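Presented below is the structure to which this report refers.
Each chain gets a letter, A, B and so on, in the order its sequence line appears, and its residues count up from 1. What you see is a predicted model, and the numbers here were worked out from it, not measured in a lab.
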Amino acid sequence: MGADDTVIRILATIRAIPRGEVAGYGEVARRAGLPGRARLVARLLSHNDDPSLPWHRVLRSDGRIALPEGSPGFLEQCQRLRAEGLRVENGRVIGAKARATFDEQVWGPPD
DNA sequence: TTAGTGACAATAG
DNA sequence: CCTATTGCCACTA
């Protein structure tokens, strides 16, 4: 029972990413209450088959797309992100970093 | 049990 | 800005 809950929390966290925004793997793990489990999030997405999951909003911490450049998934992710109004340049999302953490909602974005 | 691998992250240079 | 190194967790051979 425990392992399934962590999976559910991670999936719920990914679903909670608003349209037009993105979040890093580590960020998703932290929000799900699982600090240090970024690679678990990655593994889940790599095995995921649910089309309703907004997997394209999950990026590396530096804003780069995690999939191999030029792969079908990479192209699909670029397309979906741009369809949400995000600017993707050389496999990287510009502006629109992973905001909406609790601290940033309280203190505002860091300068 | 150990070694290798992966849709990762943080740090140093 | 970049690459390289190290740490990390979960899985597999």
Side-chain angles (χ1 to χ4, degrees):
Chain A
M1 198 167 58
D4 291 328
D5 291 340
T6 66
V7 173
I8 299 303
R9 283 209 295 274
I10 290 173
L11 295 178
T13 304
I14 294 175
R15 289 184 201 285
I17 303 173
R19 194 185 145 79
E21 290 191 25
V22 293
Y25 290 86
E27 196 63 41
V28 170
R30 270 191 293 274
R31 291 181 195 177
L34 303 166
R37 271 67 179 176
R39 302 195 89 146
L40 173 59
V41 176
R43 195 179 70 83
L44 280 183
L45 287 189
S46 68
H47 292 188
N48 171 64
D49 54 347
D50 187 348
S52 72
L53 190 71
W55 56 270
H56 56 282
R57 296 174 193 160
V58 185
L59 310 170
R60 285 192 180 174
S61 60
D62 58 5
R64 279 193 72 87
I65 291 176
L67 291 163
E69 186 169 345
S71 68
F74 174 92
L75 299 173
E76 177 71 17
Q77 188 164 13
C78 284
Q79 179 181 333
R80 289 192 181 196
L81 289 171
R82 282 196 261 256
E84 296 189 356
L86 294 174
R87 188 152 63 97
V88 184
E89 203 173 294
N90 199 327
R92 180 177 301 184
V93 173
I94 312 298
K97 306 172 187 65
R99 292 180 67 265
T101 62
F102 187 72
D103 282 353
E104 291 182 5
Q105 299 244 0
V106 174
W107 296 101
D111 304 85

When the P atoms of dA7(B) and dG7(C) are compared, how many Å lie between them, rounded to an integer?
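The same atom, P, in both gives a distance of 22 Å.
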
Taking salt bridge (Lys or Arg N to Asp or Glu O under 4.0 Å) as the definition, give me every residue that meets it alongside Arg60(A), ordered by chain and number, with sequence neighbours left out.
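Salt bridge (Lys or Arg N to Asp or Glu O under 4.0 Å) list for Arg60(A), sorted by chain: empty.
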
Applying salt bridge (Lys or Arg N to Asp or Glu O under 4.0 Å), name anything that partners Asp49(A), two or more places apart in sequence or on another chain.
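Asp49(A): no salt bridge (Lys or Arg N to Asp or Glu O under 4.0 Å) contacts found.
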
Check [Y] with [X], please: is the shortest side-chain N to carboxylate O separation under 4.0 Å?
X	Y	answer
Asp4(A)	Arg9(A)	no
Arg87(A)	Glu89(A)	yes
Arg80(A)	Glu84(A)	no

Within residues 38-47 of chain A, which residues have any heavy atom lying less than 4.0 Å from an atom of DNA chain C?
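Arg39(A), Arg43(A), in order of number.
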
Using a strict heavy-atom distance below 4.0 Å, which residues from residues 55-66 of chain A are in contact with DNA chain C?
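Result for residues 55-66 of chain A: none.
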
What's the spacing between Trp55(A) CH2 and Asn48(A) CG if we round to 0.5 Å?
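Going from the CH2 atom of Trp55(A) to the CG atom of Asn48(A) covers 9.5 Å.
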
Examine distances only and state if a side-chain atom of Arg57(A) and a backbone atom of Ile17(A) form a donor-acceptor pair shorter than 3.5 Å.
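Looks like yes, one N/O pair under 3.5 Å.
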
Can any side-chain N or O of Asn90(A) pair as donor or acceptor with the backbone N or O of Arg92(A) at less than 3.5 Å?
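No: the side chain of Asn90(A) does not pair with the backbone of Arg92(A).
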
Start and end of chain A contact along DNA chain B [non-hydrogen atoms, under 4.0 Å]:
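Boundary nucleotides touching chain A, in 5' to 3' order, are dG6(B) to dA10(B).
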
Applying the side-chain contact (heavy atoms from CB on, under 4.5 Å) criterion to Leu44(A), which one of Val7(A), Val28(A), Ile14(A), Leu53(A) satisfies it?
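Between Leu44(A) and the candidates, side-chain contact (heavy atoms from CB on, under 4.5 Å) is satisfied uniquely by Val7(A).
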
Among the clusters formed by ILVMFWY side chains lying less than 4.5 Å apart, do Ile8(A) and Ile10(A) turn up in the same one?
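No; Ile10(A) is not reachable from Ile8(A) via cluster members.
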
Can a side-chain donor-acceptor contact be found between Thr6(A) and Arg37(A) if the only test is distance below 3.5 angstrom?
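Judged by distance alone, the side chains do not pair up.
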
For a 4.5 angstrom cut-off between non-hydrogen side-chain atoms, does Leu45(A) reach Val58(A)?
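A side-chain contact under 4.5 Å exists here.
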
Would you grab the first and last nucleotide of DNA chain C (5' to 3') that comes under 4.0 Å of any non-hydrogen atom in chain A?
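Contact boundaries, 5' end first: dC2(C) to dC11(C).
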
